[in-house]
Protein chains: 2
Amino acid sequence: MSALSGGSGSRRPVTLDDVARQAGVSQPTASRVLNGSSRKVAEAYRERVLQAARELGYTPNLPAQAMARGTSRTIALVISLISDPYFAAMAAEIMKQAEAIGLHVSIAVTERQADRELDLVRELRGQQPRAIILAGTGYVDPPSEQQLIDELRRYEETGGRVVLISRSDLPFETVDFDNHEGSRQLARELAALGYERCLILGSGTPLLSMQRRVEGFVAGLVESGVNGARVHHPEFSWTGARDFVLALTDADVRDLQLVFAVTDDLALGALAGLRERGLRIPEDIGVAGFDDITTLRDVVPQLTTVHVALNAVAQEAIYRATTSDSEPTRTTVPAYPVLRASTPPLQASCVIE
Amino acid sequence: MSALSGGSGSRRPVTLDDVARQAGVSQPTASRVLNGSSRKVAEAYRERVLQAARELGYTPNLPAQAMARGTSRTIALVISLISDPYFAAMAAEIMKQAEAIGLHVSIAVTERQADRELDLVRELRGQQPRAIILAGTGYVDPPSEQQLIDELRRYEETGGRVVLISRSDLPFETVDFDNHEGSRQLARELAALGYERCLILGSGTPLLSMQRRVEGFVAGLVESGVNGARVHHPEFSWTGARDFVLALTDADVRDLQLVFAVTDDLALGALAGLRERGLRIPEDIGVAGFDDITTLRDVVPQLTTVHVALNAVAQEAIYRATTSDSEPTRTTVPAYPVLRASTPPLQASCVIE
DNA sequence: TTGTACGCGTTATCAA
DNA sequence: TTGATAACGCGTACAA
């Protein structure tokens with residue numbers, strides 16, 4: 001191994017200058033050929049530049065381009081949790097849409113800490129991204145909401161775009177799905193199947209969209225003439241739902257016909273808990289969730305849930321992130337119930353109160 | 001809305017210069033206070049700079065820093081698929097470790113296309129990341145392997161670090177888990193439970209690690225005195241495994257005691273297919289996978305699999321990505337079988353041939 | 001059409 | 001310790 005090629009950090013990256021020199025043209029000409037848009041370069045030069053770039057293995061220095069242009073080709077995505085199948089699917093869709101139009105995605109995770117969100121936005125702003133997309137948090141009573149708004153405003157004022165997904169609490173471009181309507185329809189369909197005595201599992205963490213789902217479900221029940229659904233708010237996780245169900249009294253459980261949880265994750269936790277108590281699903285009690293995560297395909301019985309068109313959400317988000325509107329708009333993507341084996345029609349005997 | 005504050009892109013971002021001017025110091029001094037390391041600045045100046053930065057809402061322009069310093073605080077992660085629970089978990093762990101030491105993560109997805117991998121590396125190189133981590137591809141006979149190596153070498157020569165996860169095919173720093181040993185041990189344990197007539201589902205796509213898992217399992221069986229396991233390579237997806245199982249003849253299936261698939265995803269697909277054929281799991285046939293994805297907790301029966309310590313893999317990868325070694329090393333993280341309800345001990349009657 | 005000269009925001013070098 | 005000044009790589013008026 002020669003002294004020149006060995007080790008790390010020995011060589012300087014190939015720059016546009018190197019390419020220009022090798023091609024025997026000026027640096028701006030090389031720039032025009034390789035990265036510019038107004039391609040008024042003589043074919044002979046063009047060829048030489050392209051060949052030189054190929055030979056040298058030139059790649060544009062993105063930070064340098066970003067600085068010179070004042071804007072980058074990066075989109076910053078702030079997300080609660082990437083290991084959660086729902087958010088993973090959301091991130092995947094957003095990346096797909098972004099890459100389709102030549103944008104990179106830089107991901108940051110809040111791990112559901114509201115204060116971390118503010119820090120992240122501040123940091124991300126420094127990346128000079130084309131847009132910042134905040135997906136899937138949104139607390140009912142956020143501690144530092146005004147600071148977050150200020151920070152995002154400041155970012156917007158310097159030409160950046162802000163898009164919120166699944167949280168309609170802030171005055172920015174918002175893409176949301178219809179939480180209320182989705183669970184309302186679900187409640188109506190389940191009521192039509194005969195379900196009346198329901199336990200609703202909301203989120204212990206005060207999240208707006210989850211609250212909407214609870215309200216929608218209750219509304220749907222009431223419209224169907226079903227009242228008195230019990231609402232509880234266990235810790236917002238699979239384990240939280242499971243533990244909650246395990247802690248119920250036998251009398252409580254015996255009286256139930258259905259458990260609706262505001263996410264599939266919770267629903268699966270509840271399902272696990274109910275089974276641990278010796279209950280059969282769906283014979284003894286029905287279970288329904290919300291999100292329609294892919295994972296559900298491997299669960300028996302197939303879980304009734306509310307489907308959300310994540311690809312539509314992502315597409316809309318990327319569109320909003322790359323189009324400069326004057327006024328923030330609110331887009332709502334539909335969500336509709338999907339009835340599966342976990343909530344079969346109740347026998348007539350059970351429907352009668 | 002005033003002409004100054006309105007719309008998008010009106011205001012210029014706050015720069016270090018603005019802060020310095022407001023604090024009445026020179027720009028380098030402001031730099032030393034806010035971003036520098038050798039903090040030899042008079043306390044009085046220090047205070048004034050910090051306050052000015054706070055008032056103005058200054059955030060360092062990362063591209064500018066990257067250019068000036070010649071290196072960024074970004075790690076580029078190239079991953080096959082982010083919606084896959086296994087890769088999502090891997091990405092989550094890597095991000096966690098990276099953020100713990102103040103590094104951003106930029107994610108790019110290959111969608112399992114080998115040629116896209118090369119393009120991505122070329123692009124990512126332009127981001128001037130601190131390191132490039134390639135996770136989870138690695139073909140048996142890659143079409144453009146040499147080009148990829150050249151590209152990564154070039155990146156390394158300019159001071160970047162390259163770390164490969166779960167693919168020991170390229171001459172770079174590698175973190176892998178013990179595919180062969182993991183499935184070998186699994187095979188031995190299953191053989192000890194009485195399983196003999198096995199169907200092994202490999203990957204239709206020629207991936208190295210998957211091949212290792214097949215080889216390891218076969219080796220484990222042979223060591224246990226079990227020969228003649230059938231190996232097949234359906235399309236590398238849940239659907240592929242399901243369809244393959246559905247296409248088997250009844251005679252084939254009746255003869256089987258176990259299906260081992262090289263990933264949990266495939267195993268779950270196979271399980272679904274077997275059930276569609278009216279087989280009971282595990283009474284009629286056992287099923288085992290590899291990866292121990294979180295999703296399995298909601299599957300009944302609980303799936304026997306091989307557990308991989310992803311957090312250890314991620315930690316090691318980040319460590320390698322931030323430590324400059326002279327020679328590329330190979331780290332192997334253990335993988336060990338976890339026996340669950342999907343492969344109960346076979347009754348004595350079945351063990352007898 | 002091509003090349004010269006400058007600016008982008010930051011860090012690093014060197015005098016003072 | 002602090003402050004001028006020169007990079008870093010690229011895009012872009014402007015002049016040729």
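Heavy-atom basis, side chains included; hydrogens, waters and symmetry copies ignored. So that the names make sense, note that chain A is the first sequence line, chain B the second, and so on, each numbered from 1.
- In this model, the phosphate group of C:dT11 is approached by a side-chain N or O of B:Asn35 to a distance below 4.0 Å at OP1 or OP2.
- With salt bridges taken as basic N to acidic carboxylate O contacts below 4.0 Å, none links A:Glu327 and A:Arg320.
- The shortest distance between the side-chain N/O atoms of B:Thr29 and the OP1/OP2 oxygens of D:dG3 is below 4.0 Å.
- With hydrogens and angles ignored, no donor-acceptor pair closer than 3.5 Å exists between the side chain of B:Arg69 and the base of C:dG9.
- Side-chain contact of B:Ser72 with B:Gln127: a donor-acceptor pair under 3.5 Å is absent, judged by distance alone.
- Taking the charged nitrogens against the carboxylate oxygens, A:Arg154 and A:Glu157 have no contact shorter than 4.0 Å, which rules out a salt bridge.
- Between B:Asn61 and the phosphate of C:dC8, there is no side-chain N or O to OP1/OP2 separation shorter than 4.0 Å.
- Under the 4.5 Å side-chain criterion, counting only non-hydrogen atoms from C-beta, B:Met95 is in contact with A:Ile107.
- Relative to the ring axis of B:Tyr155, B:Arg122 does not place its NZ or CZ within 45° and under 6.0 Å from the centre.
- Of the N and O atoms on the side chains of B:Thr59 and A:Arg125, at least one donor lies less than 3.5 Å from an acceptor on the other residue.
- Where the helix from C:dT1-D:dA16 to C:dA16-D:dT1 starts and where it ends, the local axes point in directions that differ by 40°; five pairs per end, rounded to 10°.
- Of the two residues near DNA chain D, B:Ser26 and B:Ala64, the one whose nearest nucleotide lies more 5' is B:Ser26.
- Residue-level contact check: A:Pro13 touches neither bases nor backbone, having no heavy atom under 4.0 Å from any strand.
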